[in-house]
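Heads up, the thing below is written out as structure tokens.
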Amino acid sequence: MSRPSGELKFVSAKRRVREDRRFVAGRGRYVADIALDNMLHVAVVPSRYPAARIVSIDASAALAMPGVAYVLTGDRLANAVDPLLNGLDTPNVKRYPLAVGQARYVGEWVAAVVADTRALAEDACEKVVVEYEPLPFVIDTEQALDPSSPPVHPEHGSNVLLDKTFVWGEVERDFAESPRQLTFRVVWGRSSTVPIETFGVAAKWDPWGEILDVWASIQMPKYPDQIARALRIPANSVRVHHDVDVGGSYGVKRGIKQTVLTAHLARTLDRPVRLIEDRLDNMRAGDAHGPERIFDVEVAFNDEGIVRSVKMRALDNVGAYAGRSPFQLGKPIGAIVGPYQIKSVQYRAQAVTSNKAAQEAVRGFGQAPTNYAIETAIDKVARAVGLDRIEVRRRNFIRKEQFPYLIPSGTQYDSGDYHTVLAKVLAHADYDGLKREQAELRARGLLAGIGIAACLEPSGGNSSFEPLLNEKNTTTTWMDSCRIHVDALGFVTVTIHTTSSGQGHETLAATVVGEVLEVDPDHIRVVRPDSLASLPSNSPVGSRMAIMLGGACFHAAHKLKDKLVRIGAKQLGRPENEVAYARGAVTAGGATLSWTDLITIAHRNFHLLPEGMEPGLETMHVEQVPTGSKLPENGRVQMYPCHSFEFHLILIAVDPLTGKPEIPRYVIGHDCGTVINPHIVRGMTLGGIAHGIGAALLEEFVYDGEGQMLTQSFMDYLLPSAHEVPKVEIVHHCTPSPFTVLGQKGSGESGYLGSPAAISGAINDAVAPLGISFSKLPIRIAEISDAIAGAAVSRAEEQR
Amino acid sequence: MKVALNINGETRTADLEPRKTLLDALREDFGLVGTRAGCEHGVCGACSVLIDGAPARACLLFAVQADGYVITTIEGVAPAPGELNVVQDAFCETHGLQCGYCTPGMILTAHALLARNPHPTRHDIVQAISGNLCRCTGYGQIVEAIERAAERLRVVNAQEAAGHANEEERG
């Protein structure tokens with residue numbers, strides 16, 4: 001089953017994305033469109049305090065309202081369900097869908113009200129009287145780390161969930177032998193992906209069939225298993241419907257607490273129940289915030305700007321509860337040196353709880369913040385040695401001939417050609433011209449800076465960070481699957497076994513199967529069976545579907561082709577290796593059997609089938625992660641199999657009066673190996689850059705000193721609009737991965753992984769002449785203008 | 001409260017609570033779920049519909065306020081079942097969407113723009129869609145879709161105009 005030898009016909013062709021047709025007609029089917037007969041609706045009562053003991057909950061007035069069916073409290077729920085899954089081995093950090101005994105952040109769901117309509121449920125929420133006893137709380141990350149701070153989970157004893165130090169290579173020796181060192185701190189603010197569709201779930205329990213049907217806006221690995229465990233029901237009593245379109249996720253749609261709550265209510269009330277978060281529910285208590293991370297970095301390098309070793313401490317504020325979120329400190333270990341030949345690394349990963357909303361997986365799973373820290377280090381090294389930032393990157397890049405390249409933390413990078421991508425970007429952008437443009441902008445009185453970021457997108461992983469950070473976890477696979485069925489009339493149907501949130505998986509599957517079978521992908525139907533009829537999938541996380549679903553489709557299609565060849569060989573009386581397959585027909589010795597002939601034999605002529613072959617025409621394949629089969633050893637592990645590369649080169653102009661940044665030029669070089677659908681990859685990159693612009697300049701979940709969240713609407717948590725996102729020029733390069741069936745790598749996180757670093761670098765370059773700098777994201781307009789004004793005041797004082 | 005609303009060229013009646021938004025009424029009472037709830041406070045534009053041809057936030061209007069206006073939702077755009085109009089087709093051609101959630105609002109906003117401005121510049125397009133947030137695409141392929149739709153509409157309209165002129169001459 002080798003790669004297709006000839007020209008690719010459908011893969012990499014600019015073909016339309018099949019999903020788009022239903023969406024442009026408004027015919028997407030989202031969870032809020034699922035209306036079940038006799039359905040009830042949920043609204044939630046939020047905590048007003050960042051930490052408080054729940055003394056009592058009086059729901060009598062709410063229950064007396066017409067149309068109100070039920071009010072559920074945390075205590076009652078905790079008797080009926082088990083705690084939600086913990087990623088780390090922290091059994092005393094228990095998390096339930098509703099606060100149990102104690103509320104741990106503002107907005108946390110304290111009670112759930114169920115009524116005939118959402119509006120009635122919201123009305124009734126206001127009648128639920130909760131008596132609280134406020135408790136000490138902690139919001140700040142470093143204070144949370146302090147042993148004297150109030151623990152968010154007293155049973156756990158402290159706020160430290162994770163504190164693990166890895167040393168890969170001769171770090172101390174490399175530091176001692178390096179002539180130059182620098183240290184710095186950068187901070188990644190708490191933002192998230194904030195999809196336009198909030199999270200939603202509908203559940204229906206059938207007590208006679210003992211089956212729970214779930215429709216959800218979900219992107220969660222092992223979702224049915226987690227539901228079953230929490231509800232204490234058999235896993236084959238949970239049927240998740242995968243034919244629900246998800247209105248954006250980019251990592252965060254993990255709504256397990258929402259699902260367990262809703263499913264429990266459906267079972268309790270014996271009626272279908274739906275919970276659709278409103279924007280406020282979603283922003284403050286959807287448990288979908290992203291990393292909030294302090295990096296303290298030390299770099300050892302020489303006068304030529306060659307970086308030899310790095311010490312990085314990453315301290316993350318995960319909020320009040322932790323599901324998988326602390327693992328976001330683990331995934332970046334697989335690309336901890338970025339695209340550079342750094343010989344040794346010390347990495348300390350710390351996760352603390354605080355009285356903020358819980359964190360969830362965000363696009364890149366911690367990689368974008370880490371890339372921001374690495375790229376800041378490279379910029380600072382360049383400044384220290386007085387070299388161009390691009391030249392320093394060039395000197396440190398891993399070279400093409402060094403691949404596969406083993407980094408100190410145990411991951412082998414598959415392939416890349418960083419120098420060529422860089423050269424192509426510089427040529428396309430006209431780097432010298434860009435510098436002239438910068439000078440012209442400065443001459444016009446604007447602040448202007450060039451930003452550079454080079455980074456990797458690890459893709460297709462097997463979740464190795466789980467066993468690396470939790471020794472009780474023995475995960476070494478993160479498979480995905482495909483089944484192909486050819487019906488008796490010869491039509492091809494392909495199954496995929498997860499929901500999608502805009503990534504075009506139906507197009508991906510049809511394209512790959514069509515390529516192998518040499519059948520027009522437009523004639524292939526792609527369906528999504530429910531979870532009970534599905535093969536294993538781990539959902540579209542970790543930039544994995546091109547690699548994993550693509551691999552599964554490729555192998556399943558080859559198995560199908562092999563079957564057709566065997567059938568043909570028998571009829572034609574020739575050995576299989578003399579039979580050629582082309583466009584659905586098999587040929588040997590001048591004789592041909594058509595697709596229809598072969599299908600008829602498979603479906604109707606058992607007497608003609610090769611011995612041992614089952615009738616019908618169906619194949620399946622469960623794809624194992626390429627390179628992923630070993631548990632960690634000595635703190636080292638192969639994290640992800642494939643590593644896409646991106647190189648950002650941008651020009652930013654800042655108005656010194658308002659502080660408003662504009663991005664007149666944005667060029668990105670992108671290499672994700674073989675592209676399966678160019679429209680999809682392009683969209684991912686452009687969307688990722690826009691998302692990165694938000695993280696770098698606009699978006700933050702801000703809490704005040706009282707633990708109240710200040711940015712809980714789109715009026716104050718600002719998403720980039722078409723005004724803020726510039727026209728982006730993409731320079732393509734293709735270095736196929738040797739580890740995947742078509743040479744493909746991941747691209748679902750592209751753009752986002754480097755744009756915050758590039759924007760930070762550009763703004764710092766712009767304001768460097770004023771002697772100021774920014775070391776925390778987002779860098780908001782007001783902060784820029786304040787800093788510029790402050791610098792002007794300082795200069796005036798100096799001159800006096 | 002009884003209302004009779006002109007939606008996609010049909011008169012639709014319902015008995016609604018006065019506090020019900022047009023968004024909820026379209027989705028729950030008229031079965032037109034192509035209009036989406038995003039922020040429900042008038043920022044994101046996912047719920048955009050056309051009111052007398054101009055984009056409006058269905059989440060900020062009570063349904064009863066919409067009485068007397070011509071309302072167009074995404075369901076009223078396609079010329080026939082399974083057949084895309086020019087704007088929809090252009091969005092498919094450039095892949096001006098991913099998850100599809102903001103797409104109905106985007107397409108209706110594009111319609112309104114192209115109806116009043118057949119020659120939009122890039123700036124005009126950015127301005128027009130700046131009230132519709134898309135989290136997936138970064139807007140690039142959306143702008144391209146609208147540019148392409150504008151081109152096509154100009155060609156189609158020019159042909160139709162020529163056709164009319166010919167008919168008039170023959171007449």
Side-chain angles (χ1 to χ4, degrees), chain A residues 16-17 19-30 32-33 35 117-119 193-198 245-250 276 278-280 500-504 677-680 682-691 693-694 713-715 719-725 727-728 751, chain B residues 17 19-20 24 27-28 31-46 73-75 77-78 81-82 84-85 87-104 107 122 125-143:
Chain A
R16 286 191 177 204
V17 176
E19 289 89 339
D20 290 355
R21 272 179 71 81
R22 67 174 182 267
F23 293 132
V24 297
R27 296 287 178 154
R29 183 172 180 257
Y30 303 91
D33 306 339
T117 68
R118 165 82 189 192
T193 70
V194 193
I196 305 299
E197 181 206 45
T198 60
D245 290 311
V246 179
S249 173
Y250 334 96
I276 307 291
D278 69 12
R279 187 51 59 185
L280 189 56
S500 300
S501 37
Q503 304 95 332
N677 183 294
H679 289 304
I680 292 176
R682 181 157 177 257
M684 288 288 159
T685 306
L686 297 179
I689 288 170
H691 185 189
I693 289 170
S713 80
F714 283 176
M715 309 272 206
L719 304 183
S721 78
H723 280 309
E724 283 75 44
V725 184
K727 189 167 183 171
V728 173
Chain B
E17 270 191 88
R19 70 169 176 173
K20 192 161 211 174
D24 286 347
R27 294 183 52 82
E28 294 167 10
L32 298 169
V33 295
T35 308
R36 314 283 176 200
C39 67
E40 294 179 282
H41 53 265
V43 178
C44 78
T73 71
I74 190 67
E75 288 89 350
V77 167
L84 303 176
N85 80 357
V87 178
Q88 289 171 314
D89 190 60
F91 270 71
C92 290
E93 191 174 340
T94 66
H95 188 45
L97 63 144
Q98 286 173 33
C99 79
Y101 201 77
C102 73
T103 308
I107 287 178
R122 182 183 168 82
I125 294 170
V126 165
Q127 185 74 23
I129 65 167
S130 64
N132 292 69
L133 297 178
C134 169
R135 197 54 161 168
C136 293
T137 63
Y139 307 102
Q141 287 146 299
I142 294 175
V143 172

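A, B, ... follow the sequence lines: proteins, then strands. Residue 1 opens every chain.
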Practice task
Sort A/Thr193 into side chain, backbone, both or neither according to what part of it lies under 4.5 angstrom from a heavy atom of chain B.
Solution key: backbone

Practice task
Kindly say whether A/Pro720 contributes a backbone atom to a donor-acceptor pair with the side chain of B/Tyr139 at under 3.5 angstrom?
Solution key: yes

Handout entry: Contacting moiety of A/Val246, where chain B heavy atoms sit under 4.5 Å
Key = backbone

Practice task
Please list, chain by chain and in numerical order, all residues satisfying salt bridge (Lys or Arg N to Asp or Glu O under 4.0 Å) with A/Arg21, sequence neighbours excluded.
Solution key: none

Completion exercise
Max heavy-atom pairs within cutoff under 4.5 Å with chain A, candidates B/Gly31, B/Gly131, B/Gly34, B/Gly138, goes to B/Gly138

Practice task
Counting only heavy atoms closer than 4.5 Å, note whether A/Ile680 contacts chain B via side chain, backbone, both or neither.
Solution key: both

Completion exercise
Tightest non-hydrogen contact, residues B/Leu84 and A/Val24, listed as CD2-CG2, 3.7 Å

Handout entry: Per-residue contact mode, B/Ala46 against chain A (heavy atom under 4.5 angstrom)
Key = side chain

Handout entry: salt bridge (Lys or Arg N to Asp or Glu O under 4.0 Å) partners of A/Arg682, counting only residues at least two apart
Key = B/Glu144

Practice task
State, to 0.1 Å, how close B/Val126 and A/His723 come at their nearest heavy-atom pair, and which atoms those are.
Solution key: CG1-ND1, 3.7 Å

Exercise for the section: Could you tell me which of B/Ala128, B/Ala37, B/Ser130 has the largest number of non-hydrogen atom pairs under 4.5 Å with chain A? Expected result: B/Ser130

Practice task
For the pair A/Tyr30 (side chain) and B/Val33 (backbone), establish whether a donor and an acceptor sit closer than 3.5 Å, ignoring hydrogens and angles.
Solution key: no

Exercise for the section: Provide the closest heavy-atom pair for B/Pro104 versus A/Gly26 in the form atom of the first, atom of the second, distance. Expected result: CG-CA, 4.0 Å

Practice task
Measure A/Thr198 against the heavy atoms of chain B and call it side chain, backbone, both or neither at under 4.5 Å.
Solution key: side chain

Fill in the blank from the handout: Honestly, the part of A/Ala119 sitting under 4.5 Å from a heavy atom of chain B is both

Completion exercise
Greatest number of non-hydrogen atom pairs under 4.5 angstrom with chain B, of A/Ser501, A/Gly687, A/Ala722, falls to A/Ala722

Handout entry: Shortest non-hydrogen contact from B/Leu97 toward A/Phe23
Key = CD1-CB, 3.4 Å

Practice task
Evaluate the side-chain contact (heavy atoms from CB on, under 4.5 Å) criterion for residues A/Gln503 and B/Gln98: first the C-alpha distance (whole Å), next the side-chain angles of each, then the deciding distance (0.1 Å), finally the verdict.
Solution key: CA-CA 6 Å; A/Gln503 304 95 332; B/Gln98 286 173 33; over 6 Å; no

Exercise for the section: Tell me, out of B/Gly140, B/Gly82, B/Cys39, who's got the most heavy-atom pairs with chain A below 4.5 Å. Expected result: B/Cys39

Handout entry: Check: B/Gln141 side chain, A/His679 main-chain N or O, donor-acceptor pair, under 3.5 Å
Key = yes

Fill in the blank from the handout: Answer key: most heavy-atom pairs under 4.5 Å with chain A among B/Asp89, B/Thr35, B/Ile129, B/Asn85 is B/Asp89

Fill in the blank from the handout: Heaviest contributor of heavy-atom pairs below 4.5 Å to chain B, chosen from A/Ser713, A/Gly504, A/Ser249, A/Gly502, is A/Gly502

Fill in the blank from the handout: In short, A/Arg279 meets B/Gly38 closest at the heavy-atom pair NH2-O, 3.0 Å

Exercise for the section: Against chain A, work out which of B/Arg19, B/Glu75, B/Glu17 has the most heavy-atom pairs shorter than 4.5 Å and name it. Expected result: B/Arg19

Problem - CZ-CD distance between B/Arg135 and A/Glu197, expressed to the nearest 0.5 angstrom - result: 14.5 Å

Handout entry: A/Tyr250 side chain reached by B/Cys136 side chain, heavy atoms, under 4.5 Å
Key = yes

Practice task
Answer yes or no: is there a donor N or O on one side and an acceptor on the other, between the side chain of B/Arg27 and the main chain of A/Ala32, under 3.5 Å?
Solution key: yes

Practice task
State, with a plain yes or no, whether a side-chain heavy atom of B/His41 is found less than 4.5 Å away from one of A/Asp278.
Solution key: no

Exercise for the section: Applying side-chain contact (heavy atoms from CB on, under 4.5 Å), run through A/Asp33 and B/Arg36 and close with a yes or a no. Expected result: CA-CA 9 Å; A/Asp33 306 339; B/Arg36 314 283 176 200; 2.7 Å; yes

Practice task
Name the region of A/Ile689, side chain, backbone, both or neither, that has any atom closer than 4.5 Å to a heavy atom of chain B.
Solution key: neither

Handout entry: A/Asp245 CG to B/Cys99 SG distance, which is reported to the nearest 0.5 Å
Key = 9.0 Å

Exercise for the section: Sort out for me which of A/Leu686, A/Thr685, A/Leu280 touches chain B most, counting heavy-atom pairs under 4.5 Å. Expected result: A/Leu686

Problem - Validation row: B/Glu93, A/Arg16 side chains within 4.5 angstrom (heavy atoms) - result: yes

